[in-house]
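For reference, the structure discussed in these notes is given below.
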Protein chains: 2
Amino acid sequence: MLKLDARIKLLNAAIEVVRKQGYAATSVDELCKKAGVTKGAFFHHFESKNALAIAAANHWSETTGALFAGAPYHAPADPLDRVLAYIDFRRELLRGTPAEFTCFAGTTVQEAFATNDDIRAACKASIFGHAETLVADISQAMRHHKVKGDWTALSLALHTQAVLQGAFVLAKATGDAAVAVESANHLRRYVELLFNRSTKDKSK
Amino acid sequence: MLKLDARIKLLNAAIEVVRKQGYAATSVDELCKKAGVTKGAFFHHFESKNALAIAAANHWSETTGALFAGAPYHAPADPLDRVLAYIDFRRELLRGTPAEFTCFAGTTVQEAFATNDDIRAACKASIFGHAETLVADISQAMRHHKVKGDWTALSLALHTQAVLQGAFVLAKATGDAAVAVESANHLRRYVELLFNRSTKDKSK
DNA sequence: GCTTACATACCGACTGGTTGGTATGGCGTC
DNA sequence: GACGCCATACCAACCAGTCGGTATGTAAGC
């Protein structure tokens, strides 16, 4: 029978291994071993290691995109509640080891931003593309709650991603999710304060 | 004497090159070339590449520690003003290319956290040690402005570092400091809101 | 129905260059 | 003449990438 899954197995292996030990420290042989395929399969599907990184970043965008699209935080009627529910959802994802809950794009872009512009662009597209899915809810929340400031919905959306990426860094430094959860709590509190929402029902 | 110590030159080279291209992608030969010394000098001062990473993290702690200790943000009488001035100071440092203003410890810990615990610990000490220098001002600000919440001075100090580390990641993704400056503005606004400080005199 | 031709998916031994690390020896200073 | 400091030469391991090959399917030609 024809096996078409070598490519997918390699992409999943890349996301798993690179998040744990970084991109440059991960060899092609190691990925092949993890994926259970040979080097021939690797270079059949990807013309280079860098090409795999780009494909893996796109794969990461797709899988996480599907996860967030199907998440329950879109349910509330009030757009602000949706934004707060998003932050809660992100906080709930902070479980297990840092290698398990951190971001492939954020990890990879730190290593490749100055040396490979295609990888940098693919990682940027992943992070910024996700941020853009938050803009509609934030914009509606600003109008609905009559909030105006010298900041835009996009800048707040990107700030949420900055907080999460930074929380990942601190979690890696400690080896524990706790410090990341604390930052997510601060992020939630910031949004509550921006929109004058009482902080009483926070699930901390 | 003009001739700087080979050790210091290697440490400075490591901080410069690793911030640009990551730790694993940086070879010993490359560092020696950058520092203008030979491999013999490298392995005379450091028993391994990993040992250099630990020493570089400690060196980073010392040089940045001196920078922040001598910075003007300690001047204001009101502790809250000192905290806000700290954030402004960090924002002003966001100039040039990402490789120039980002954090060696944050960059390195992402690559080494799961594979080398000594490097991880040295990077954690750098980031957390800096955060701890903020705790006194935040604690005083909480008492002085009679602010209480379900958060601690240390957790806010660590949150500032998370925001900055995340801002670095986004800056690397875009290749530009602008997105990091925006996150620093959000961080300042959060602290102002936490302490009920008017946001009129912000220098955005 | 059978041949020929070509495309896709994958295998694994191999290569040339690079890697972190070593062995040894020179040189200035105490 | 011991010792810190550093240079040169070298090595085994590992690296990304190559290449000739196999297995399977597909489709045209007759």
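Basis for what follows: all heavy atoms, side chains included, without hydrogens, waters or symmetry-related copies. Just so we're on the same page: letters track the sequence lines, and every chain starts at 1.
One finds a side-chain N or O of H45(A) lying less than 4.0 angstrom from the OP1 or OP2 phosphate oxygen of dC10(C). The phosphate of dG4(D) (OP1 or OP2) has no side-chain N or O of H44(B) nearer than 4.0 angstrom. Between K49(A) and dA16(D) there is a side-chain polar atom (N or O) within less than 4.0 angstrom of OP1 or OP2.
In this structure, of dG12(C), dA7(D), dG21(C), it is dG21(C) that holds the atom nearest to the side chain of F43(B). Between dG17(D), dC6(D), dC10(C), one nucleotide has an atom nearer to the side chain of T38(A) than all others, and that is dC10(C). In this structure, the nucleotide among dC11(C), dG20(C), dA7(D) sitting nearest to the side chain of A41(A) is dC11(C).
Atom pair Y23(A):OH and dA16(D):C1' shows a separation of 10 Å (rounding to whole Å applied). Rounded to whole angstrom, the span from the CD atom of E30(B) across to the C1' atom of dG21(C) amounts to 17 Å. To the nearest angstrom, C1' of dC10(C) lies 11 Å from NZ of K9(A). Between the CD atom of E47(B) and the P atom of dG21(C) there is a distance of 9 Å, rounded to whole Å. F42(A) places its CZ atom 16 Å from the C1' atom of dA9(C), with the value rounded to the nearest Å. One can place CG of D29(A) at 12 Å from P of dA13(C), the figure rounded to the nearest angstrom. The interatomic distance linking F46(B) (CZ) with dC5(D) (P) rounds to 12 Å, in whole Å. Rounded to whole Å, atom C1' of dG20(C) lies 15 Å from atom CG of L10(B).
Ring-centre distance between Y190(A) and H159(A): below the 6.0 Å cut-off.
Not one N or O on the side chain of R19(B) forms a donor-acceptor pair closer than 3.5 Å with the backbone of C103(B).
Under a cut-off of 6.0 angstrom, the local environment of NZ in K34(B) is sparse, with at most 12 non-hydrogen atoms contributed by other residues, nucleotides or ligands.
Within the 4.5 Å cutoff, no side-chain heavy atoms of E111(B) are placed close to those of I119(B).
Among the atoms of the strands shown, only primed sugar atoms or phosphate atoms (P, OP1, OP2) are found under 4.0 Å from some heavy atom of S27(B).
The pair E192(A)-R188(A) meets the salt-bridge criterion, since a charged nitrogen lies less than 4.0 angstrom from a carboxylate oxygen.
A donor-acceptor contact under 3.5 Å is not formed by the side chain of K39(B) with the base of dA7(D).
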